[in-house]
Every structure is written in structure tokens, then in C-alpha cells.
Protein chains: 2
Amino acid sequence: MSETKNDLTGRNEADEVSKEVTDKYSLRGRVFNRIREDILSGKYAENEELKEVSIGNELGVSRTPVREALRQLELEGLVNIIPNKGAYVHGISQKDIHDIYVIRSYLEGLAARWACERITDEEIEALEENVYIANFHIGKKHYETIVELDSQFHETIYKASGSKILEHQLSTYHHYVERIRKISLGREERAKKANEEHAAILEAIKSRNGDLAEKLAHEHIISTIANLNKQGL
Amino acid sequence: MSETKNDLTGRNEADEVSKEVTDKYSLRGRVFNRIREDILSGKYAENEELKEVSIGNELGVSRTPVREALRQLELEGLVNIIPNKGAYVHGISQKDIHDIYVIRSYLEGLAARWACERITDEEIEALEENVYIANFHIGKKHYETIVELDSQFHETIYKASGSKILEHQLSTYHHYVERIRKISLGREERAKKANEEHAAILEAIKSRNGDLAEKLAHEHIISTIANLNKQGL
DNA sequence: ATGTGCATTATTGTATACAATGATACTTGC
DNA sequence: GCAAGTATCATTGTATACAATAATGCACAT
């Protein structure tokens, strides 16, 4: 059956974004990323059974890396494993995405607050550069780059928060909604507004105003939610 | 070398609390819980290397379940895996615990807010019973039970929030700080105050006052942090 | 004495083999 | 015909075998 396979022996599309925990250059890591993307992108149907051998064949690897990947995905909540029975897709629903945004609105606020106390000069410069360059690409409608810069802006703040725990959690959520973010930032109007909000957050952080930074970062996500609703998501 | 082993063939101590994602009755699940407890309880030193065969021998299982468990722990952030090199303990520091409490203070607030909208009558009853019974056991100084009831109270609210995502996250954090919670609730004064706060949160939820419920739940955790500081943690 | 190169060992990465469990379908008795 | 029991198959769970990589230590040259 498994003919039109995409072999994972080389280093292919799974390489893109993902500044992830899981390494990309082991079979397991690549299988993990691959299945995750496939679940997040909706390639698998909800509750679809993920059989170890099938996926293994499809990806040209044995059961072992697939098993390990599935076990990890279980922990991420993207896969539901029933012992001795099988692994089932447990994708994220519209409601889940909405929940994630609301949760993020709080945690991004906290990250910005903490960043006020612990951010380094280099990180501030990185953020300034980010906002400046993003402004350029928004004018040019380079949407791929805009999304990437948006990611970097947020990730930098996560790091600047000085909390491994918070950084890890926000990164995970950020990646969960990546598909949505691409759509959201695909509108010039939203991209522009988002960047202005970034600039405001940055100013608050630079002036070490924790209350304001938290409020602005929180509202930045709320504003994103509003935009998504407007786009019917 | 591995003589004083504790075999995982039977169902032993790993059974206790953990309403976890990972199932408890597969070798992998038990190995996972076991290593996790050992890391959280500080049995392993920070950065200690976790060798698959050693752990396997110690627990009387082969490398396979150990590997899978380690991969999952990596995702939970308790283990740091360097490809082709090894798995290293990445326990949670005092600061991590503090961070978790602050993060929880926000998310518990959100959970309480959402619970106002979605809680069922059965869940309300469960909470009422919980507060009532806890009051009894606090009088009797049954600290084991008190901790268990505290867990149940919070878990019930997580469920009542109606958000799988939030529930999952809060459960994980809740478990992370279990050791600390045991210490905290070990003081009658704190146990009593905590239960009063639970009662207040419950009342707010019953009256469907989202703002108040969020505020109280938030302050409940802040109050816990204050107590921990008082205990020098 | 010290540093480089190679052989050896230890350890992880992957694949496969075997065991156990659950699903399916067929047979048999009524 | 139909239900219960059973045999067969599919699939997961665990163990082991083999491959690849990194660590270690020793020999040898300088």
C-alpha cells in the first residue's frame, strides 16, 4: 500500500520554523514534528487511529521512532493513547484555540511584566530592530517574513522574562496557533496594528513600567482575538 | 551493581496520586511516574545523567520503556536530552516553583472565572462536600487527607472550567508543586485559611460572579505564596 | 611531560523479534 | 437464525540485536 511515501531520511520540510524542544535531526524528532504538523494542519481526521506500522511505512522508518513520537504527542495532548489499543488523533478544536489565546493573554502579560525587571540591553536592541524591520516588510507585504518576525518578537520577550517555565509554556502555545497566526497576520491592517502594539509594549518595557507592559501585552492578545473573530475564526 | 532494586512488575508506590495523562499500568507509564517522582523529590542531582540501561536494571525492565519515559519527561521539561549523548536531570528550582505559583495565580483565576459559566450542579455539590469534609479533617489534623482534598478541590474547578487545555496545564503545575503543597498544608493555620478561601471561591462561583471568583482564586494562590515565604521556602 | 591518533569501550539510535492483548470472523450447538 | 465459544489475525507492549556516535584510554612521537 504505502507507495507515495515521503522519506524522512533526508532533511526536508519538517525543518522550517520550530525552535522546539524535540531535536530535528533524529528520526524520532522528525517523525514527531511531522505528525504534529499533520495534526495541527488538519491532515488527520479527529479520532483517526494512528497505527505505528502504517506511519512507519509511510515515513520509511521502523515502529520505534514512531512509538516514541506518539508517546510525546500524547503528553502534548495532541494524541490520545489507549493502552493496548491504539493512538488516536486529538487535534485542537476552535474552542481550544480560543482558550489558548485567552490563556496567552494572561501569560504574555506576565512575561512582559517580568521582562521589565530582567531584560538585557541586547534583547531590547533585538526588539527595537524587530519592530523597525517588521515595519519595512509590512510595507512590502512580505507576509512570510512578517509572521517570522512576529514569532521572534514574542519569543524574545519570553526569554527576557527570565522564566524557563513561562518561556516553555508560551512557546508551546505560540506554536499551537501558528497556523492561525499566519492567517491573522495575512491582513495588512492587522499586521500593521500588531506591530504598533509591539512598539508600545517595547516602550513600556524599556521604561521598566511593569503594570503598563503587562496591560499592553495582555491587550495585544485580546486585540488578536478580536481580529480573529472578525475574520470568522 | 544493581542489587537493591525495586521491581516494577507489581503495582507499587507509583500508584498514589497522579491523575495523569500517562497510564499507570504499562511499564512505560510506571517508569515515567517513577522517574518523575524521583526528580521532583530531589533523589537525583541536578544534571545527573540518566542512563537507559542503569535505570532499566534498577527497575527491572528493558531499555525500551525507559527510553519512552525519558522522551516524555523531556517534553515535560524535567529531563534534558542531548542527541546521541544522553538524558540529564533538569529538576525544578526554587525559582521555578515560585514562577509556577505566580503563573498558577493567573490561571487558577481564569479557571474560576470560566467555571462560573460552565460548572454543573454535581460539581458544585462535590465542592461543597469537599469544603465541609476538609473542615472536619483539619480539626483532626489528618494532613494526608487534607492534601488530597485540596487537590480534589482544585482539580474539580479545573474540570468545571470546561477547558481541556487549561485543565491539562493546571493539573501539570499542580502536580509539580505537590511536594511543596504537602509542606504548606502541613501547618494547621494555613490548612484552615486555605479551606476558608476555598469556601469563598465556591460561594463566588455559586453566585456566578466571574470577576469575584477570578479575584478570589487569584488571591488564594498569592496567599499560598506568602505562606511559603513565611515558611522560608 | 605532553599532545596526537587510533583502538577500545560505553552509550544512544534504530530495527526487529517475540509476547500479550484486543478485534474479527467463523464454527458449532441450540 | 442466533448466540456463545473459539480460532485467527491485527496491533500494541516489551525485549533484544545491531548500527552509529561519542567517550575513554593507551601508545607513540616529539
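Just so it is clear: chains get the letters A, B, ... in the order the sequence lines come, proteins before strands, and each one is counted from 1. Side chains included, hydrogens not; waters and symmetry mates left out as well; all remaining heavy atoms used.
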For nucleotides 15-24 of chain C, just jot down a letter per nucleotide in 5' to 3' order: B, S or -, based on protein non-hydrogen atoms under 4.0 Å. BBB---SSS-
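Checked by atom type, the side-chain pair Asn57(A)/Ser54(A) shows no donor-acceptor distance below 3.5 Å.
For the OP1/OP2 pair of dG13(C) and a distance below 4.0 Å, the side-chain nitrogens and oxygens of Arg67(B) include at least one atom meeting the criterion.
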Go through the steps to decide whether Leu59(A) and Val66(A) satisfy the test side-chain contact (heavy atoms from CB on, under 4.5 Å), and finish with yes or no. CA-CA 9 Å; Leu59(A) 270 49; Val66(A) 178; 5.7 Å; no
Show the numbers, then the answer: is there a side-chain contact (heavy atoms from CB on, under 4.5 Å) between Val131(B) and Phe153(B)? CA-CA 8 Å; Val131(B) 170; Phe153(B) 183 89; 3.9 Å; yes
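The distance from atom CD1 of Ile55(B) to atom P of dT11(C) is 12 Å, rounded to the nearest whole Å. Rounded to whole angstrom, the span from the CD1 atom of Ile82(B) across to the C1' atom of dT21(D) amounts to 14 Å. Summarising the geometry, the separation between CD1 on Ile81(A) and P on dG13(D) is reported as 7 Å, rounded to the nearest angstrom. One interatomic measurement links the two molecules: CD of Glu49(B) to P of dA23(D), which rounds to 9 Å at whole-angstrom precision. If you take NZ of Lys51(B) and P of dA22(D), they are 17 Å apart, rounded to a whole angstrom. Distance CD (Glu68(A)) to C1' (dT14(C)): 9 Å, rounded to an integer number of Å.
Ion pair Glu155(B)/Lys159(B) not flagged as a salt bridge, since none of the NZ, NE, NH1 or NH2 atoms sits closer than 4.0 Å to an Asp/Glu carboxylate oxygen.
Residue pairs meeting the salt bridge (Lys or Arg N to Asp or Glu O under 4.0 Å) criterion with at least one partner in residues 114-130 of chain B, sequence neighbours excluded, are Glu128(B)-Lys206(B).
Counting non-hydrogen atoms under 4.0 angstrom, Leu70(A) reaches nothing in the nucleic acid.
Listed by chain and residue number, Arg113(A), Tyr106(B) satisfy the side chain to side chain contact (heavy atoms under 4.5 Å, CB included) test with Glu214(A) (two or more places apart in sequence, or in another chain).
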